[in-house]
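Inspection log for the structure reproduced underneath, given as structure tokens.
Residue numbers begin at 1 in each chain, while the letters A, B, ... track the order of the sequences. All figures in this text were calculated on a predicted structure; none of them were measured in a lab.
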Amino acid sequence: MSESHDKLLQQYHSERKAAKDTAGLEALRVKYLGKKGEVTELLKGLGKLAPEERKSVGAAINELKNAIQSSIEESMREMALKEQNEKLNAERPDYSLPGLYHSSGSLHPVVQVAREVADIFLSMGFFMAEGPEIEEEYYNFEALNVPSHHPARDMQDTFYIESGQVLRTQTSPVQIRTMEALKPPLKMIGLGKVFRKDSDITHSPMFNQMEGLVVGENISMADLKGTLVMFVENMFGKRPHRFRPSYFPFTEPSAEMDIQCIFCEGKGCKVCKNTGWMEVLGCGMVNPKVFDAVKYDTEKYTGFAFGMGIDRIAMLRYGINDIRLLFSSDVRFLRQF
Amino acid sequence: MKILLSWLKDYIDIQETPEKIAEALNMAGLEVEEVIQPGKNLDQIVVGKILSRDPHPDADKLSLCSVDVNRGQPLQIVCGASNMKAGDKVPVAMIGAKLPGGFEISRAKIRGVESFGMMCSKKELGLSEDHGGLYILDDKASIGENIVKALDLDDVVFDISITPNRGDALSHLGIARELSAIFNLPLHRNPLGDEEGDDNVDNHISVEIEDTDHCPRYGARVVHGIKVGPSPDWLKDRLEKIGLRSINNVVDITNYIMLDIGHPMHAFDLNKIEGNSIIVRNARKDEKIMTLDNVEHPLDSTMLVIADAKKPVALAGVMGGLHSSVTEQTTSVMLEAAFFNPTTVRKTAKRLGMMSDSSYRFERGTNIDNVPIALNEAARLLRQIAGGRPVKGIVDCYPKPEILRQIRVRTKRANRVIGINLTPAQIETFLLRLKLDTRRDGEDLIVSVPPYRHDLELEADIIEEIARMYGYNNIPETLPAITSVLQLPTPLQKICTRLRDHMVSCGFNEIMTYSFIPANINESFREKKPLMLQNPLSEELSAMRTSLKWGMYDALRRNILNDEFNLRLFEIGRVFHPAAGGLSEEYTRLSLGFSGSVNSRDWRRNGENFDLYVVKGIVENIAKLLGLKIKFAPGSYSLFHPTMQMELSAGKNHIGEFGQLHPEFIDNKKMPKCIYIVEIDLGKAAKAAEGCQRMQPIPDLPAIRRDLALLAPESVGNRDISKILTAEGKALLEDCYLFDVYQGKGIEPGFRSLAYSLTFRDLRKTLTDEEIQPLIDKMIGRLDRELSVKLR
């Protein structure tokens, strides 16, 4: 490269450094490499040289041209990036403006809890069954070993339809319908609305129950305990539990399951009435009379059943103090879930 | 039921703490709801006598008292109450005492004067809510005595909830029997009352039972020389402690025996029993009885009564008659103890809407063997405390003595059901502790069921007793070793799950409304004549809903009245239609409710109100989600605005409708005009839903797009135009999309502008404009000829 080339290159570099923006760089490119640019002019001048000089001078000019070209491309890239960044940084949002509202929906709290409960049992191999809400008295009572004029009917104050049918007082008739339709072994849960003639802050004339039934050969009370403990631990976390004898006409032996109060951890509080325990479900071994009603072989099969109030669990979980809120349709309540 | 600890000790020497007893009963299935211990935490509180009361030197409202607590020097106590005077006896909390509220008494200086204790109110002692000043004690209280002793607060009351199967536990004896089994303690019974006396009962009364199914046993005993009067203190005390009012010695004795051994009794004034005869029979038509509670009841032949020679004198097992009841003038009584059929008593009580302590026990089954025991015990007590002279013997009408039920229990079966491994000998021990007579038969056990255990009928019932004694919490925890038959969710169940999630993502709040609604709602909310409840809770909840629209309307309305105007609600639930034969059919429905704006107004956007098209779009979206091809047609529901409504069908079936609420139902100023309600039958939707679609290939050749702006008379609908566009576009028209509808400035009145974007594509070759133009020309030609629609 000749001295004059060197000079040109230095001149270029000093001008490049002085360029303020991509437009300046472009002007530089035209100045040196454009059709009438200084380097282009040098190349055009080659023809005037002697052929023996042409080769070496040509190579030198090309070297100069390449140097300028790659330098200008690189500068362009850098400059474009810089300019873009400046432009982006000039965009200044007001971070304190609220987001544009998109109305957010909500699942009913009872449905959320029912799904949680159901998911645990479905994972354990249970299936979900359904039954009618207006039931035959037979399915709601007789088949479940609650004959008419039995004091056990006092446990559930029943609504009657004019036809003589009842609004089911429990989801247990789903057990009967399932057993009539299927042969063991079976593990089912049933979910649905039930109705009892009762209304105050802890009782609603309509509420939701989850029912479960397991029938097979050699199903024992130990299986009942193991299954329900697994449920309770997944639902409420690992905590002390106990089974107390109780009475349901359709199970024998019958039990109620308590867990350590989730509010006071057993120390005693208002919710658990200072007992440290909270009742979560009723359960028991299926009464052979129930198997007789569905024509299952009572010698071959044994089974257990359980039931729980979903509304009550939802109330405990979310700290809802009045069951009637669940059926109030009040969006100020529903939007919280 | 309230049970007194000191009373239990008549039967069992139990030394456990009240807490331990309550825990044991709970774990045996007798749920203790409350343990009432008034004397708990009242250790250092004693009877004090106020010797003097002077004003506090430095405070108007305080007094300075000198109180003798029989511990040397009288105590100086500063007190804020004002209802006491010198000479009164009051409870004094000594220094170091801890009151039930948790407050600890310490030496204190109150306004410069030292105070060495505190005089207490009833509330401060936790005895009542009464905070009206100090508790002024009876003058008989001895100074310095512990308040628990002075007020006899030492006893413990258990409030126990007994399940309907355990009628045998509805007494002190019954609970003692359970405790004896749990703690393995001996149970001692009172010596039986005597049957001695003068004369012979047969000279005074005869008993006849018409139907022994209703009344298997009826016993009567006569006592003369009665002086009706107040009961002695011990009897009053026991009754009052468990919340029963003392009436007079005769009535108290019958109540006492019921609470003691669980057998309801009745005492008649013998002189009011005509013909000296008792007949247990069904009531006759047109008979009436005035019962003890002063209510006259018309009777019918399903009811069992106790009658004398002429008329009913008591409702068997439910309540006595007023006429023959014991009064202050009574001198001779006939005591009744009987066993009535539980169902008979229940039917009578239910029919008359009466429930008594007596009917409650008879319904749950009493001990038939207690008939003579109760009578003799009552006679003994009448002699002891009412001056009675019992007549010798009892009339015991018991034609068919009961044979004890025998139940065979197989050891293997018991172990299999419970999931444990007991030997026959272990099982036998448990059963004997429960006073169940048991004998071994090889590996089996034969149990004789005592007459009071009506709950023990089957082997399973005995297995429960074994499990109870073994302890539920000692049973291991295992998992069932079975695999259930497979039952997949039904299409309807799946749809419900998907829809719930979809609606929530679309910003809807899920509601759950009652399945019963008011009977008198406007007809427009109904689809059918509703099924009515025989016994509704109220008129508001008396008819089964035939559609979800009322619940949705009510929910929208109530929220709006709470100033919540922007609403998107949904409900999935069942509706009930009457069906043939008086039966019912249930349908699962989805309802949607809209009010206010689609997007609420914010700092950038103005809220756009819900209208027919927004709602239609949401319905179309749902249809797409469910794989439904829905057809829309104008509807004709009176609930909706006459034109702003549509009916939905899939295939040939009507599956739902939606519309703007008719102004008739906008009955409050707060309610916006545009409220929309949608209802879709999900069962029908599930049936009409199409299965999974085949994939369509993704085109790799370019499309040609053309926009057409058309001017159409108002009467021409999108459907008319689309039809022609689609028909003339033939196979090459891939998509025809309406992107603008305009009416107003620049458009002649009576017309509107509709702009369509047409996409043409040939899947086999690249299309050219020349191929498209003739199609478009034909479209424009036909639109003009058939619909007078012109290119703008």
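- Scanning all heavy atoms of the two residues, the minimum distance from A:Lys225 to B:Asn474 falls at NZ-N, 4.4 Å.
- Comparing A:Ser254, A:Pro109, A:Gly164, A:Ser199 by heavy-atom pairs within less than 4.5 Å of chain B, the highest count is held by A:Ser254.
- Neither the backbone nor the side chain of B:Pro489 comes within less than 4.5 Å of any heavy atom of chain A.
- Ranking A:Glu217, A:Met230, A:Lys289 against chain B, the residue ahead of the rest is A:Lys289, based on heavy-atom pairs under 4.5 Å.
- A:Asp297 places a side-chain N or O within 3.5 Å of a backbone atom of A:Lys300 that can act as its donor or acceptor partner.
- In terms of non-hydrogen atom pairs under 4.5 Å with chain B, the most contact-rich of A:Ser104, A:Ala129, A:Ser204, A:Pro205 is A:Pro205.
- For chain A, no part of B:Arg557 is nearby; none of its heavy atoms comes within less than 4.5 Å.
- Only the side chain of B:Glu457 comes within less than 4.5 Å of a heavy atom of chain A; its backbone N, CA, C and O stay farther away.
- Figure legend: cation-pi geometry between A:Arg177 and A:Tyr139, with NZ or CZ positioned under 6.0 Å from the six-membered ring centre and within 45° of its axis.
- Distance check: A:Thr302 OG1 to A:Met285 CE gives 5.0 Å after rounding to the nearest 0.5 Å.
- Most heavy-atom pairs under 4.5 Å with chain B: of the set A:Arg244, A:Lys183, A:Glu136, A:Met188, this distinction falls to A:Arg244.
- By the 30° and 60° cut-offs, the orientation of the rings of A:His241 relative to A:Phe243 is perpendicular.
- For B:Met503, no part sits under 4.5 Å from any heavy atom of chain A, backbone or side chain.
- Although no hydrogens or angles enter the test, the distance criterion places a donor-acceptor pair under 3.5 Å between the side chain of A:Lys187 and the main chain of A:Met124.
- Ranked by heavy-atom pairs shorter than 4.5 Å toward chain B, the options A:Ala222, A:Ser220, A:Pro185 are led by A:Ala222.
- Heavy atoms closer than 4.5 Å to chain A are found in both the backbone and the side chain of B:Gln487.
- Of the atoms belonging to B:Glu363, heavy atoms from both backbone and side chain fall under 4.5 Å from chain A.
- Of the atoms belonging to B:Phe576, it is side-chain heavy atoms, and not backbone ones, that fall under 4.5 Å from chain A.
- Annotation: cation-pi geometry satisfied between B:Arg364 and B:Tyr360 (NZ/CZ under 6.0 angstrom from ring centroid, within 45° of ring axis).
- A:Arg168 places a side-chain N or O within 3.5 Å of a backbone atom of A:Gly131 that can act as its donor or acceptor partner.
- With respect to chain B, the highest number of heavy-atom pairs below 4.5 Å among A:Arg242, A:Glu133, A:Gln165 belongs to A:Glu133.
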